[in-house]
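Just below is one structure, and these are the notes that go with it.
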Amino acid sequence: MYGFEALTFNIHGGYLEAIVRGHRAGLLTTADYNNLCQCENLDDIKMHLSATKYGSYLQNEPSPLHTTTIVEKCTLKLVDDYKHMLCQATEPMSTFLEYIRYGHMIDNVVLIVTGTLHERDVQELIEKCHPLGMFDSIATLAVAQNMRELYRLVLVDTPLAPYFSECLTSEDLDDMNIEIMRNTLYKAYLEDFYKFCQKLGGATSEIMSDLLAFEADRRAVNITINSIGTELTREDRKKLYSNFGLLYPYGHEELAICEDIDQVRGVMEKYPPYQAIFSKMSYGESQMLDKAFYEEEVRRLCLAFEQQILRSLILTMVVTNWVLQFHYAVFFAYMRLREQEIRNLMWISECVAQNQKSRIHDSVVYMF
Amino acid sequence: MSGIAYASSWGAALVRISPYTFSAIGIAISIGVSVLGAAWGIYITGSSLIGAAIEAPRITSKNLISVIFCEAVAIYGVIVAIILQTKLESVPSSKMYDPESLRAGYAIFASGIIVGFANLVCGLCVGIIGSSCALSDAQNSTLFVKILVIEIFGSALGLFGVIVGIIMSAQATWPTK
């Protein structure tokens, strides 16, 4: 029953929700980012980070630090938090938490397959995979020649198996097909996740619907922009769009026929929540789009921790779901915010290491 | 009222249930359902409190107040149950189904239900607020006192139930021999 979740949620979820809210308080703030941006080299960054929750992960690193080490150790913290929550969780929360991993699994699969195509060593690729998306037999992916083999050898035993039904072909794997495969898998994953959240009902389904719809729309826009000028036909492009979200179905019809960025902008400006994003960019500038999308996502995720229920996206009020207690969306929001923070740290470290501090503010998304 | 039609109606059946039954059920509900409410509230608060205290250990001592408020609800139930059971007196069997007796039986029953269910919802209310209080205190310690005020209002609900229940139980005068 919607509204009465408070009565029974804490039986299984009370402890974990309190823990995730504690973690959320440990995310880096604007003041921390300002400190980090003032650093001269990576050792300074390590020193500043030692005062945050990342301290225990970085303190044993020997002195010539690399940016990849910093990112790796921070990701390790994310993974530890996640594993702690996963082992304490019961159904259905454990299924919900598992769903959060599938996106990373898809990315890892694509990474290994692409790397193999370009003749890279499997061990090297496995080290680059995201730890949350690891599964057994991931190394066997390097052996597969086409998608049917990929499925038959490896993926049929993984949780990704049901997402493959739409892209089982015998075509050889090349760059274009791999991207199409990635997007088809991700589409199936998002739809599955969406259905699962609807089944959970209550505040979880309401808030997760909003967050997943935004994700679906964002991917639709990215697919459109990336496929402008490639050989991807309109029908194929339309097949890659998810069947939920604000843009479904009319926005998708219009996006499928777009041929350049200004047409995309024209389509998106009809939807008030996305109009704000596109109006921040002046004409012709597409590289800022990523950052604008990230900022919008972070805004929604933060508001996921506070709440006044919003029903209508047209009002552009935001679902503040971190203040609403007793639902699962806080876990999803926390994982995403951490990932964004790690992206920020990577950007800052790279800028500092390459002495390009003027460009730091181009891509850091502030959260609090 | 007399006659076969009446004698086999529901009204007649109700009136022939012993007032002791009603009294005993009332006493059982008063303690049983109150404790249900208190326990429910305590686990709602406790699980959030424990999780939040991992990152913010300072909140533990202050937030035990929420647990104490829930516990108070159970104590109200016990007190009223003890008071009610002292109101149970024996009546001679000739007077068992007199209106006076029935009135006393119903009074104790009603008192028990009032106290039981008022404490149930009070315990729930205080528990949910206590859980939110622990989580907010972990983030921002100035919020604690403000949320405590809300909890105090919530625990007043149990007190209302107890007051009315005790007034009701004063009605429980059994017929004298």
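Quick note: numbers below take in every heavy atom, side chains included, and nothing from hydrogens, waters or symmetry partners.
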Checklist entry - For the side chain of B/Q139 and the backbone of A/R24, is there at least one donor-acceptor N/O pair under 3.5 Å apart? => result no
Output for pair (A/Q325 CD, B/S132 OG), nearest 0.5 Å, gives 3.5 Å
Applying a strict 4.5 Å limit to non-hydrogen atoms, the region of A/L16 in contact with chain B is neither
Taken to the nearest 0.5 Å, the spacing of A/I11 CD1 from B/W40 CH2 works out to 8.0 Å
For residues 142-166 of chain B, the side chain to side chain donor-acceptor pair (under 3.5 Å) pairs (sequence neighbours left out) are B/S66-B/E151, B/N140-B/T142
Turns out that what part of B/S136 lies under 4.5 Å from chain A's heavy atoms comes down to neither
message: I'd like to know whether CZ of B/R58 has more than 12 heavy-atom contacts from other residues, nucleotides or ligands below 6.0 angstrom.
response: yes
If one checks every heavy atom of A/F9 against chain B at 4.5 Å, the contacting part turns out to be neither
Between the CG atom in A/L7 and the CG atom in B/L124, the distance rounded to the nearest 0.5 Å is 5.5 Å
dist B/I128:CD1 -> A/N10:CG (nearest 0.5 Å) comes out at 8.5 Å
- Full working for side chain to side chain contact (heavy atoms under 4.5 Å, CB included) between B/L49 and A/Y15: CA-CA 8 Å; B/L49 180 53; A/Y15 171 69; over 6 Å; no
Bottom line for B/I44: the part with an atom under 4.5 Å from chain A's heavy atoms is both
Shortest non-hydrogen pair, B/S48 vs A/A18, comes out as O-CB, 3.2 Å
Heaviest contributor of heavy-atom pairs below 4.5 Å to chain A, chosen from B/L135, B/I50, B/T45, is B/L135
